[in-house]
Amino acid sequence: HGWFVPGRTTATMLWLHGNAGNIGHRVDNVAELHARLGVGLFIFDYRGYGRSEGSPTEEGTYLDAEAALSYLGSRADVDPRKVTLFGRSLGCAVAAELASRHDVSAVVLESPFTSIQAMAKRAYPFLPGIGSFIRTRYDTLAKVREVHSPLMVMHGDRDETAPFDMGEEVFEAANPPKRFYRIEGAGHNDTY
């Protein structure tokens, strides 16, 4: 389930949202981006989110993103050479995976984490080896090394969910051209 909002140009942003909520929670963000940039926007729910059927899995989110990009490529009002991927939080790993396999015009990662294992180690430092028990990877750090499109990382410097230094680490691992934007005073859910 997704929404396509046509733009004033053939440039389009494919929005890959985070773990919490669904596309209905991003209406204000979509409206503001559309009004300010004039680009088309496509936002969808991964399987098991919102109105999308199925059960969420890591592989499933990658397949859903692939299908979304394919859908955009089928539209006459979208220039496939002008598609920007916008990943937020968990969506950063999904965007990096997609961009590692496709040539897109740009990639924006907002509030990325390095991997689920690294997040688990941070959350439970008193449990040695916790990361090795987690099958879900979402390894943004490894995937961003394979991205060759222009990249921007944005991160709130008071992020209580995905640590700010993980955003810096993802940025350092990325290929140029790249840019880092520190969002002063922002946490995880108030970056916009």
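Index from 1, following the sequence. Being a predicted model, the structure only gives us computed values, none of them experimental.
In terms of heavy-atom proximity, Val153 sits nearest to Gly167 at CG1-O, 3.7 Å. Shown here for Gly48 and Pro56, the closest heavy-atom pair between the two residues is CA-CD, 3.9 Å. Contact record, Val144 with Ala96: N-CB, 4.1 Å, taken as the closest heavy-atom pair. For the pair Ala173 and Leu141, the tightest heavy-atom approach, listed with the atom from each and the gap, is CB-CD1, 3.5 Å. Among all heavy-atom pairs drawn from Tyr192 and Asn189, the shortest one is CE2-O, 3.9 Å. Closest non-hydrogen pair, Val104 versus Ser149, comes out as O-OG, 2.8 Å.
Put simply, the side chain of Pro112 reaches to within 4.5 Å of the side chain of His155, judged on heavy atoms. No side-chain heavy atom of Arg88 sits under 4.5 Å from any side-chain heavy atom of Arg26. The shortest side-chain heavy-atom distance between Met154 and Phe86 falls under the 4.5 Å cut-off. By the 4.5 Å heavy-atom criterion applied to side chains, Thr10 and Val78 are not counted as neighbours. Side-chain atoms of Val107 and Pro150, non-hydrogen and from C-beta on, never get closer than 4.5 Å to each other. When side chains are defined from C-beta on, Leu85 does not count as touching Val108, because their heavy atoms never get closer than 4.5 Å. Between Phe4 and Leu41 the shortest side-chain heavy-atom distance does not fall below 4.5 Å. Here the side chains of Leu72 and Leu14 are in contact, with some heavy-atom distance below 4.5 Å.
Between the side chains of His102 and Glu66, a donor-acceptor pair is found at a separation under 3.5 Å. Side chains of Thr114 and Thr140: a donor-acceptor N/O pair is absent below 3.5 angstrom, by distance only.
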Test log, rule ring-ring contact (aromatic ring centres under 6.0 Å, His included), inputs His17 and Phe44: CA-CA 8 Å; His17 69 70; Phe44 67 96; 7.2 Å; no
CA sep, side-chain torsions, deciding dist, call: Met152, Leu109, side-chain contact (heavy atoms from CB on, under 4.5 Å): CA-CA 6 Å; Met152 179 180 211; Leu109 304 179; over 6 Å; no
Please lay out, stage by stage, how Glu58 and Ile116 fare under the test side-chain contact (heavy atoms from CB on, under 4.5 Å). CA-CA 11 Å; Glu58 180 177 7; Ile116 293 293; over 6 Å; no
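When each of Trp3, Tyr71, Trp15 is paired with Phe42, the ring-ring contact (aromatic ring centres under 6.0 Å, His included) condition holds for Tyr71 and for no other. If you run side chain to side chain donor-acceptor pair (under 3.5 Å) between Thr61 and each of Tyr49, Tyr138, Tyr46, only Tyr138 comes through.
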Report all side-chain donor-acceptor pairs from residues 33-40 shorter than 3.5 Å, counting only partners two or more places apart or in another chain.
unit_1: His34; atom_1: NE2; unit_2: Pro6; atom_2: O; d: 2.8
unit_1: Arg36; atom_1: NE; unit_2: Glu32; atom_2: OE2; d: 2.9
unit_1: Arg36; atom_1: NH2; unit_2: Glu32; atom_2: OE2; d: 3.3

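Sorted by first and then second residue, the side-chain hydrogen bond (donor to acceptor under 3.5 Å, both in side chains) pairs involving residues 176-185 (not counting sequence neighbours) are Asp157-Arg182.
No continuous path of hydrophobic side-chain contacts links Val94 to Ile43 [ILVMFWY only; heavy atoms under 4.5 Å]. Note: the hydrophobic cluster containing Val83 does not contain Ile23 (ILVMFWY, side chain heavy atoms under 4.5 Å, direct or indirect links). One hydrophobic cluster holds both Met119 and Phe171 under the rule that ILVMFWY side chains link at heavy-atom gaps under 4.5 Å. A continuous path of ILVMFWY side-chain contacts below 4.5 Å connects Phe113 to Tyr62, so both sit in one hydrophobic cluster.
Checked by atom type and distance alone, the side chain of Asp64 never pairs as donor or acceptor with a backbone atom of Asp45 at under 3.5 Å. Remark: the backbone N or O of Gly91 is not paired with any side-chain donor or acceptor of Ser89 at under 3.5 angstrom. Judged by distance alone, the side chain of Glu160 and the main-chain N or O of His188 form a donor-acceptor pair under 3.5 Å. The main-chain N or O of Gly187 is found under 3.5 Å from a side-chain atom of Asp190 such that the two form a donor-acceptor pair. Judged by distance alone, the side chain of Asn175 and the main-chain N or O of Val147 form a donor-acceptor pair under 3.5 Å. Not a single donor-acceptor pair under 3.5 Å links the side chain of Ser100 to the backbone N or O of Lys143.
The number of heavy atoms from other shown groups lying within 6.0 Å of CZ (Arg101) is above 12.
Going from atom CG of Asn19 over to atom OG1 of Thr161 covers 10.5 Å, rounded to the nearest 0.5 Å. For the atom pair CD of Glu172 and CZ of Arg145, the computed distance is 11.0 Å after rounding to the nearest 0.5 Å. For the atom pair Thr9 OG1 and Lys82 NZ, the distance stands at 6.5 Å (nearest 0.5 Å). Once rounded to the nearest 0.5 Å, the distance linking OG of Ser111 with CE of Met166 reads 13.0 Å. The OG1 atom of Thr191 sits 7.5 Å away from the CG atom of Asn29 when rounded to the nearest 0.5 Å.
No salt bridge links Asp139 with Arg137; every basic N to acidic carboxylate O contact stays at or beyond 4.0 Å.
Using bins of under 30°, 30° to 60° and over 60° for the plane-to-plane angle, the ring pair Phe180/Phe164 lands in the perpendicular bin.
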